[in-house]
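Heads up, the thing below is written out as structure tokens.
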There are 4 protein chains.
Amino acid sequence: MQVNNVEELFEKTLQESELTKKQQAVLSVSLNLFAEQGFDRTSTSEIAKQAGVSEGTVFKQFKTKDGILKALLDPMIEQVVPMAASEFLTEINTSQISDFEGFLTYAIKDRMVFALANRKQLKVFVQEIIRKPEITQGIADKLQRLIAGPMGDLLHQFQVNGQLVDWPVMRIARYIVGTLASYVVPQILMGIDANLDVEQASRDAAHFLVRGLAPEK
Amino acid sequence: MQVNNVEELFEKTLQESELTKKQQAVLSVSLNLFAEQGFDRTSTSEIAKQAGVSEGTVFKQFKTKDGILKALLDPMIEQVVPMAASEFLTEINTSQISDFEGFLTYAIKDRMVFALANRKQLKVFVQEIIRKPEITQGIADKLQRLIAGPMGDLLHQFQVNGQLVDWPVMRIARYIVGTLASYVVPQILMGIDANLDVEQASRDAAHFLVRGLAPEK
Amino acid sequence: MQVNNVEELFEKTLQESELTKKQQAVLSVSLNLFAEQGFDRTSTSEIAKQAGVSEGTVFKQFKTKDGILKALLDPMIEQVVPMAASEFLTEINTSQISDFEGFLTYAIKDRMVFALANRKQLKVFVQEIIRKPEITQGIADKLQRLIAGPMGDLLHQFQVNGQLVDWPVMRIARYIVGTLASYVVPQILMGIDANLDVEQASRDAAHFLVRGLAPEK
Amino acid sequence: MQVNNVEELFEKTLQESELTKKQQAVLSVSLNLFAEQGFDRTSTSEIAKQAGVSEGTVFKQFKTKDGILKALLDPMIEQVVPMAASEFLTEINTSQISDFEGFLTYAIKDRMVFALANRKQLKVFVQEIIRKPEITQGIADKLQRLIAGPMGDLLHQFQVNGQLVDWPVMRIARYIVGTLASYVVPQILMGIDANLDVEQASRDAAHFLVRGLAPEK
DNA sequence: AATGAATGAGAATTCATTCAT
DNA sequence: GATGAATGAATTCTCATTCAT
């Protein structure tokens, strides 16, 4: 997992798609504009102008303005919760991490990298979440199932191990996510400047969590 | 501090204002619509219709659509950071709280109540923050000054007391805010249903933080 | 006839009217605003604000916005053409002016003073003329009747006298009016600064006209 | 120089532009409506309806209502003063007109034709001048420079020749313009009917001016 | 007579979307 | 696939006017 070159990750994914150069430009420009000024405040004509294509071209591939949004968010959404659940967790198991702090450090670093690599998409995504309550509910359900399911099982293992306090999994998950967010959210909202040392930050966060979540005497 | 009746707090404030009934209705309806569907997706004609007034009336008092937003957020914004700094902190000192966990419990409960009482405004406020980067920067600066200033001094006292780990204040503040947010953000995003037990939640959060932030042996 | 204090002439007329102070203020402010920015670009609320009255008051006396315009122009319109025809011309006869240049000097000076005293009203009036073709036609008819009637008779006398070239009265009137306008129009359009020496200007204009309109050898 | 077919001159210019038929219709209709009822009293929806296009189309090309006005006036404005100064005056010199009356006849006829060919635009232009004092000042400055500069030199030649009275150039220019205006302004204000015999009128005007401006004995 | 909140009919302008070329 | 002129519904905002107090 490389922390570098995270910036161009989206561009590479673009180039591997079947889209023409112009359609790629539309997506790329749209992502930047949506992140900067919001979906509603970005007009399709502005997208066309900045992408150097005609107004018609914007709609040729993506049909509607919402279609562009979907094309931007769908690939990422599938990675947020599911990847956390499947690839990510199995990778955990295979690497035989039985150490809670090690697990936390790894998991937090992984999600930090993901968040930074998809900073703009996440910003757009958060906008959408706020705007559409039905989405919010859907996300909440998925999260709850994740915490109750695979993630819960994992945490439960650490509780049985005597490495994790005996609180409800929901409460534990809350603190983990909150701590992760305290590093990631400012990065997403602020923009470029942010030179977050991911290695250090994930170790710090894990350290704090391990202490706060240690079994009570 | 009353946790109940939080819902009608805004309505009461409205009635004490100098606005006519109709203008109050405009503000009240606007807050709900902005929170539900976002500022950009709410048309002034929809506001007028739901408030039972003419379109002209909407603009008579607030001049522009942004004027309505300002009328909704300004009173609250002045309470977010400053109140945390002045009234709130002095109240802490006068009540002679030398106990870190006590301090945390009180502070967290206070901000939770504030957040729940201003749930809708905060939702609208968050939308604005995301939309206008210049605002974000302003908020960030204020926060940093708060943490470096009064809040930092307070935390430093606890460090000297031997009740708080010797990490940079910024890091400590990060975890406190992150933990608080982990309770409050879902409430803000979800809507009414969520019946958070503020007393219990603030005790839980403070307890977790005290363990995570205890001085290292 | 005083050339001085021409500025306050309208204000004095106002004070002699039966209008209340507030209604006078409405008229006075309206005249200035109409002259500066045009009738259409002046809103009744702006009038109210500048006049220091409520929006309702503006309509109490004058019923409609057009009513204000009418109240401003009517008194002046009755002086433009008719006065030229009646009071003015009879005064000429009684003073026994048989000298063409004397007549011209007097007549031009009289109309110059009138124009300068009613500068703002004339500006508003010209705007109206341009806007409403039906008015234009009415004015044109009146003028033509004046020139064919009393003014024509007068000019004809000078032709019989051998002091005026034997051209159609219409043509002669054209040059007289054009020459007068060449002094007055810039004053009306420009504003205050222009300090026209009415005495000198009327003598100059008359002198030029007498030479141009002298009988051909 | 053809006096006939002046009516369709604007239409021809339109067709030679790069505008689509619909955009041409917008301009053409706008010119007529602005001239008839004034800029402020003409709504963009009325323009759209009469031009047989959608409201969106009106703004696609010209961005704003003022943009339409600009598109109508700009081409003409560049001809009013400058052309009088450059093309026009040089043409005078090359044709070796040393006769003052000949010069006047030519110049007046030229400007009459120009005014009649741009009757509607001039009407709209005059509306603008009255409305925007800052424009008025600009025009006045240009005119003054023209009269002080090339036009003044020319007039001075005639004074040296002994063909022109020894008055200040400003005064002479005033009478020339006033006399020209006395023919042209009624045409502009009245509308179509006016069948002005340009040949005859320019000869008449020049003749009158030559007499009024002859050197004093 | 005066007030000023309220009205509602438009006004200019924007914008996602379509479609003939 | 790409273009860009054209669309028309929707949006924010203005303004003359009314009316209860």
Side-chain angles (χ1 to χ4, degrees), chain A residues 19-23 26 39-49 51-68, chain B residues 19-23 25-26 40-49 51-68, chain C residues 19-23 26 39-49 51-68, chain D residues 19-23 25-26 40-49 51-68:
Chain A
L19 298 172
T20 63
K21 285 266 177 235
K22 302 222 170 194
Q23 305 295 0
V26 168
F39 178 80
D40 289 314
R41 305 224 166 154
T42 304
S43 73
T44 52
S45 81
E46 195 179 359
I47 293 171
K49 198 178 293 170
V53 304
S54 73
E55 297 196 46
T57 301
V58 172
F59 289 86
K60 203 73 187 188
Q61 179 70 28
F62 307 105
K63 307 305 184 213
T64 67
K65 194 183 170 190
D66 273 296
I68 304 176
Chain B
L19 297 173
T20 63
K21 286 263 175 244
K22 301 222 171 193
Q23 305 293 1
V26 169
D40 288 317
R41 303 226 168 151
T42 303
S43 74
T44 51
S45 82
E46 196 179 357
I47 292 172
K49 199 176 294 169
V53 304
S54 73
E55 290 209 45
T57 300
V58 173
F59 288 90
K60 194 79 185 192
Q61 179 70 29
F62 305 106
K63 309 304 184 209
T64 65
K65 196 182 166 190
D66 272 296
I68 306 176
Chain C
L19 297 173
T20 64
K21 284 268 175 234
K22 302 222 170 192
Q23 304 295 359
V26 168
F39 178 81
D40 289 315
R41 304 224 165 154
T42 302
S43 73
T44 51
S45 81
E46 194 179 359
I47 292 171
K49 198 178 295 168
V53 304
S54 73
E55 296 196 47
T57 301
V58 173
F59 288 87
K60 203 72 187 187
Q61 178 71 28
F62 306 106
K63 307 306 183 212
T64 66
K65 194 182 170 190
D66 272 297
I68 304 176
Chain D
L19 297 173
T20 63
K21 285 263 175 245
K22 301 220 173 196
Q23 306 292 2
V26 168
D40 289 315
R41 304 228 165 148
T42 303
S43 74
T44 52
S45 81
E46 195 179 358
I47 293 172
K49 200 176 293 169
V53 304
S54 73
E55 290 208 45
T57 301
V58 173
F59 288 88
K60 195 77 185 191
Q61 178 71 29
F62 304 105
K63 308 306 184 207
T64 64
K65 195 182 166 190
D66 272 296
I68 305 176

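Chain letters run A, B, ... following the sequence lines, proteins first, then strands; residues in each count from 1.
At the heavy-atom level, D:Val58 lies nowhere under 4.0 Å from the strands shown.
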CA sep, side-chain torsions, deciding dist, call: A:Gln23, A:Lys60, side-chain contact (heavy atoms from CB on, under 4.5 Å)
CA-CA 9 Å; A:Gln23 305 295 0; A:Lys60 203 73 187 188; 4.1 Å; yes

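Regarding contacts with the backbone of E:dT7, a side-chain N or O of B:Lys22 is found under 4.0 angstrom from either OP1 or OP2. For the OP1/OP2 pair of E:dA16 and a distance below 4.0 Å, the side-chain nitrogens and oxygens of A:Thr64 include no atom meeting the criterion. Put simply, A:Thr57 has a side-chain N or O that comes within less than 4.0 Å of OP1 or OP2 on F:dT3. Checking the phosphate oxygens (OP1, OP2) of E:dA16, a side-chain nitrogen or oxygen of A:Thr44 falls inside 4.0 Å. For D:Lys60 and F:dA6, the shortest distance from a side-chain N or O to OP1 or OP2 is not below 4.0 Å. Within the structure, a side-chain polar atom (N or O) of C:Ser54 is placed less than 4.0 Å from OP1 or OP2 of E:dT3.
Nearest nucleotide to the side chain of A:Glu55, out of E:dT17, E:dT13, F:dC13: E:dT17.
Between the CG atom of B:Asp40 and the C1' atom of F:dA10 there is a distance of 14 Å, rounded to whole Å. Rounded to a whole Å, the CG atom of A:Asp66 is 16 Å from the P atom of E:dC15. Protein atom CZ of C:Phe59 is 12 Å distant from nucleotide atom P of F:dC15, rounded to whole Å. The NZ atom of A:Lys65 sits 16 Å away from the P atom of F:dA10 (whole-angstrom rounding). A straight line from NZ of B:Lys21 to C1' of E:dT7 spans 20 Å, rounded to a whole angstrom. In this structure, D:Ile47 atom CD1 and F:dA6 atom C1' are separated by 17 Å, rounded to whole Å. Whole-Å rounding puts the C:Lys63 NZ to F:dC19 C1' distance at 14 Å. With rounding to whole Å, D:Arg41 atom CZ is found 13 Å from F:dA16 atom C1'.
No donor-acceptor pair closer than 3.5 Å links the side chain of A:Lys22 to the backbone N or O of A:Ser54.
The shortest non-hydrogen separation linking B:Lys65 to B:Thr42 is NZ-O, 2.7 Å. Here the shortest heavy-atom pairing between B:Val58 and B:Ala48 reads CG2-CB, 3.8 Å. Residue A:Leu19 comes nearest to A:Phe62 through the heavy atom pair CD1-CZ, 4.2 Å, listed as atom of the first residue, atom of the second, then distance.
Across the interface with DNA chain F, nearest-nucleotide mapping of A:Val53 and D:Gly52 shows A:Val53 to be the residue nearer the 5′ end. Across the interface with DNA chain F, nearest-nucleotide mapping of A:Thr20 and D:Gln61 shows A:Thr20 to be the residue nearer the 5′ end.
Both distances falling under 3.5 Å, in either a Watson-Crick or a G-U wobble arrangement, place F:dT21 opposite E:dA2. Using N1 to N3 plus N6-O4 or O6-N4 for Watson-Crick, or N1-O2 and O6-N3 for G-U wobble, each under 3.5 Å, F:dT14 pairs with E:dA9.
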